[in-house]
Number of protein chains: 2
Amino acid sequence: MVTLKDIAVKVGVDVSTVSKVLQGAPIRISDARREEIVRTAQEMDYRPNLMARGLRLKRSNALAMIVPTTTSYLYPEIIDGAEQAAEERGYALFLIKSQNPHTRLLSVVGHGRIDGLVFADDQPSEEVASRLNSLDVSWVCLNRTKPDDHGHVALDDEAGFNAQAEHLLKLGHRSIVFVSVTPSSYISGLCTRMFIDRMKKEGVDLPQTHLFQSEFDGGQAADIADIIAELSPRPTAVAAASVQIASRIVESLRAKGLRIPEDISVVGYHDSPTALWPPPGITTVKMPSRRQGYQGVSRVIDLLNGVHFEGETIDERPVVIERGTCAPL
Amino acid sequence: MVTLKDIAVKVGVDVSTVSKVLQGAPIRISDARREEIVRTAQEMDYRPNLMARGLRLKRSNALAMIVPTTTSYLYPEIIDGAEQAAEERGYALFLIKSQNPHTRLLSVVGHGRIDGLVFADDQPSEEVASRLNSLDVSWVCLNRTKPDDHGHVALDDEAGFNAQAEHLLKLGHRSIVFVSVTPSSYISGLCTRMFIDRMKKEGVDLPQTHLFQSEFDGGQAADIADIIAELSPRPTAVAAASVQIASRIVESLRAKGLRIPEDISVVGYHDSPTALWPPPGITTVKMPSRRQGYQGVSRVIDLLNGVHFEGETIDERPVVIERGTCAPL
DNA sequence: TTGAAAGCGCTAACAC
DNA sequence: GTGTTAGCGCTTTCAA
């Protein structure tokens, strides 16, 4: 392992000089010296000892993002955004599989090993949260279980479900089914309301018989599709709060002999590889998940630098990705 | 932040004494003292500074596992096993999303931040491998692209495809299709051969027309199912090298009006949540992936402790999970 | 322009 | 039984 001292000895200067030069600190030094130091460091493949630096600076320059066990298809995008932000700001980003309770998390994050955390899935319990604070670990959540919690980086689901509703309305649909997700966050519990409200503005009422609930991964979607197929009069469109649900519904309705989108239009929510099945894919509302990951990391780093932060909603516009499961009435 | 010194001052002893007591080192000290030190540490919620310890010991006690971008369904099991091993041996385990090339990996692993790596997906390039070695980072791979590479923790796919073949043979099938995966590792390139060899032992020959290749995630499976359905005489069983492929084939064959398993039996490879679709799920060969993750981490830790390691094949037996897509001829 | 020195929190060899 | 001491590699203040 090559240290600052090795370089210092080789060049014939003091370690502190090498340290300053390598950091690009604004010191006055002859260009020749500076160049020689930099070159020598490269030649020797010098890599700073992060433990020593961390001990001195009380900073590890490492972040971790907690992601769920189930390989839910939203996370690759979030992770990509998060990694980009981390890289841009010179931080290392690790992933930790989320587990409940988060007790093991504390020993992994440890003391000084990780500067900040992004909870991409669930949220820390009161106890874990206060331990994190006492360990001086900054953290933000991407999901919300309560409206007024510790700083969050949330998606604008109101805009998302608005966009979904508008897409169907624009195509002329008025007899619509909405399949929400089992509440797992503050927002998912409200999605039915958001969708209904937007519909009501257009004078479209959704009766109770047109409201369903499924697991995010599409668990009960097949049963729901059975019921939808039997409704009379048959609705002309189905909006689902996840693309997995939409995908399953398309499969099930087709299996019953219904044509999608000719007989019924189907639209999902969020975009992911799942949305490509069945081919040529599900029409869906793409939310700015990548950006959410990016901002999550950015905000944690800001917190570390003393920049206060109350919470944030990503204002990038939702985009309807048309893949052929929606048609005009 | 509370340090050893804080405790030492409070109790009225030296830091080194506190250090030794808290590590449970075999020193002679009065029980009263020892008890007081331990109690005080607890009361003050002492947490060792991992940077300081790491600097001193030249060990971070942290490992990372490289997992692929695509949320392939095998990984949850591998990760679970890996985390268990890490926890048992007192290591923190982080996940890093695999990326090609691995250049960013080096800066994330840094110098001293991570003691060892498990590559769960691909393998490091020559260059990255040599950098890791020069950084004194131990590593193992779970996959193999070459037969005689740096120490691996591999699955016994020979036994796996044997078990798959035997299951179909035992049910009386003799006209069989095999769908392999696009080679991504040393083993996956050989899977067709393993299956065929086992079949040949029983006097069953697979003609070229009965051999297909698909992406691991089932990409081309629908097209392949189309061809299978038209084969004449129609084969009585399909063996696939992934459960995703099997799942897609079952769906496609059923969509064409064939009954599974009455008309054709289908068996997958590996087990995962995907195997539950379509209900009640796909009959498959479960490989010891959990164990593979566990051993991967164990071996890295062994390497760190100077225990040499050439490579290993998990000898836990593959198990056929019967879910109803296979029937006797 | 450059160097000396202190110290981050911890461990371990050695002294008493 | 317990304390002294040195040092891991780095940064930063202060001195020259």
Side-chain angles (χ1 to χ4, degrees), chain A residues 1-38 40-41 44-62 90 92 110-115 135-136, chain B residues 1-38 40-41 44-62 90 107 110-115 134-137:
Chain A
M1 188 184 57
V2 25
T3 70
L4 284 185
K5 195 173 172 190
D6 297 329
I7 300 172
V9 168
K10 192 146 193 174
V11 177
V13 293
D14 188 81
V15 282
S16 63
T17 308
V18 179
S19 171
K20 281 175 267 188
V21 166
L22 257 29
Q23 292 174 66
I27 61 160
R28 292 182 306 172
I29 190 176
S30 67
D31 282 356
R33 271 269 159 99
R34 154 167 275 131
E35 197 273 329
E36 191 185 0
I37 290 172
V38 171
T40 310
M44 300 178 80
D45 194 25
Y46 168 74
R47 307 226 157 214
N49 182 317
L50 299 176
M51 289 295 168
R53 180 179 280 174
L55 175 59
R56 181 66 231 245
L57 262 29
K58 300 188 181 310
R59 281 285 189 92
S60 66
N61 262 261
H111 199 147
R113 183 139 56 190
I114 294 290
D115 293 336
L135 285 175
D136 215 25
Chain B
M1 188 184 59
V2 25
T3 69
L4 283 186
K5 194 173 172 189
D6 297 329
I7 299 172
V9 168
K10 193 146 193 174
V11 177
V13 293
D14 188 80
V15 281
S16 65
T17 309
V18 180
S19 170
K20 281 174 265 186
V21 165
L22 257 29
Q23 291 173 66
I27 60 160
R28 292 183 306 172
I29 190 176
S30 66
D31 282 355
R33 271 269 157 99
R34 153 166 276 132
E35 197 272 330
E36 189 185 1
I37 290 172
V38 171
T40 310
M44 301 178 80
D45 193 24
Y46 168 74
R47 307 221 158 219
N49 182 317
L50 299 176
M51 290 295 170
R53 181 179 280 174
L55 176 58
R56 181 64 233 242
L57 261 30
K58 299 186 181 314
R59 281 287 188 91
S60 65
N61 262 258
S107 70
H111 197 148
R113 183 140 57 192
I114 294 289
D115 292 336
S134 77
L135 285 175
D136 215 26
V137 173

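Just so we're clear, the structure is a prediction, and the values are computed from it rather than from any experiment.
- Here D/dT2 is the nucleotide among C/dC10, D/dG9, D/dT2 with the atom lying nearest to any side-chain atom of B/Arg33.
- Rounded to an integer number of Å, the gap from CE of A/Met51 to C1' of C/dC10 is 12 Å.
- Across D/dT2, C/dA4, D/dG9, the shortest atom-to-atom separation from the side chain of B/Ser30 is found for D/dT2.
- In this structure, the CG atom of A/Asp6 is 9 Å from the P atom of D/dC10, given to the nearest Å.
- Side chains of B/Ser19 and B/Gln23: a donor on one and an acceptor on the other come within 3.5 Å.
- The nearest whole Å value for the distance from the CD atom in B/Gln23 to the C1' atom in D/dT2 is 16 Å.
- The B/Asp14 side chain lies nearest to D/dT4 when the options are D/dT4, C/dC10, D/dG9.
- No donor-acceptor pair closer than 3.5 Å links the side chain of B/Arg53 to the backbone N or O of B/Asn61.
- For the pair B/Asn49 CG and C/dC10 C1', the interatomic distance rounds to 8 Å; values are reported in whole Å.
- Listed nucleotides: D/dC10, D/dT2, C/dT11. Nearest to the side chain of B/Arg56: C/dT11.
- Within the nucleic acid shown, A/Ser16 comes within 4.0 Å of at least one base atom, counting heavy atoms only.
- Rounded to whole Å, the distance from CE on B/Met44 to P on C/dG9 is 13 Å.
- Nearest-nucleotide positions on DNA chain D for A/Lys5 and B/Thr17 put B/Thr17 closer to the 5' end.
- The side chain of B/Leu55 lies closest to D/dC8 when the candidates are C/dC10, C/dC8, D/dC8.
- For A/Leu57, the side-chain atoms get nearest to D/dT12 when compared with the rest of C/dT11, C/dC8, D/dT12.
- At a threshold of 4.0 angstrom between heavy atoms, the contacts of A/Ser19 include nucleobase atoms, whether or not backbone atoms are also involved.
- To the nearest angstrom, P of D/dG9 lies 15 Å from CZ of B/Arg59.
- One atom, NZ of B/Lys20, and another, C1' of C/dC10, lie 13 Å apart when rounded to the nearest Å.
- With hydrogens and angles disregarded, a donor-acceptor distance shorter than 3.5 Å links the side chain of B/Asp115 to the backbone of B/Ser60.
- Between A/Ile37 and A/Ile7, the closest heavy-atom pair is O-CG2, 4.3 Å.
- Atom C1' of nucleotide D/dC10 and atom NE2 of B/His111 are separated by 13 Å, given to the nearest angstrom.
- Around the CG atom of B/Asp31, the shell of radius 6.0 Å holds no more than 12 heavy atoms that belong to other residues, nucleotides or ligands.
- Taking for each of B/Ala52 and B/Val15 the nucleotide of DNA chain D with the nearest heavy atom, the 5'-most of the two is the partner of B/Val15.
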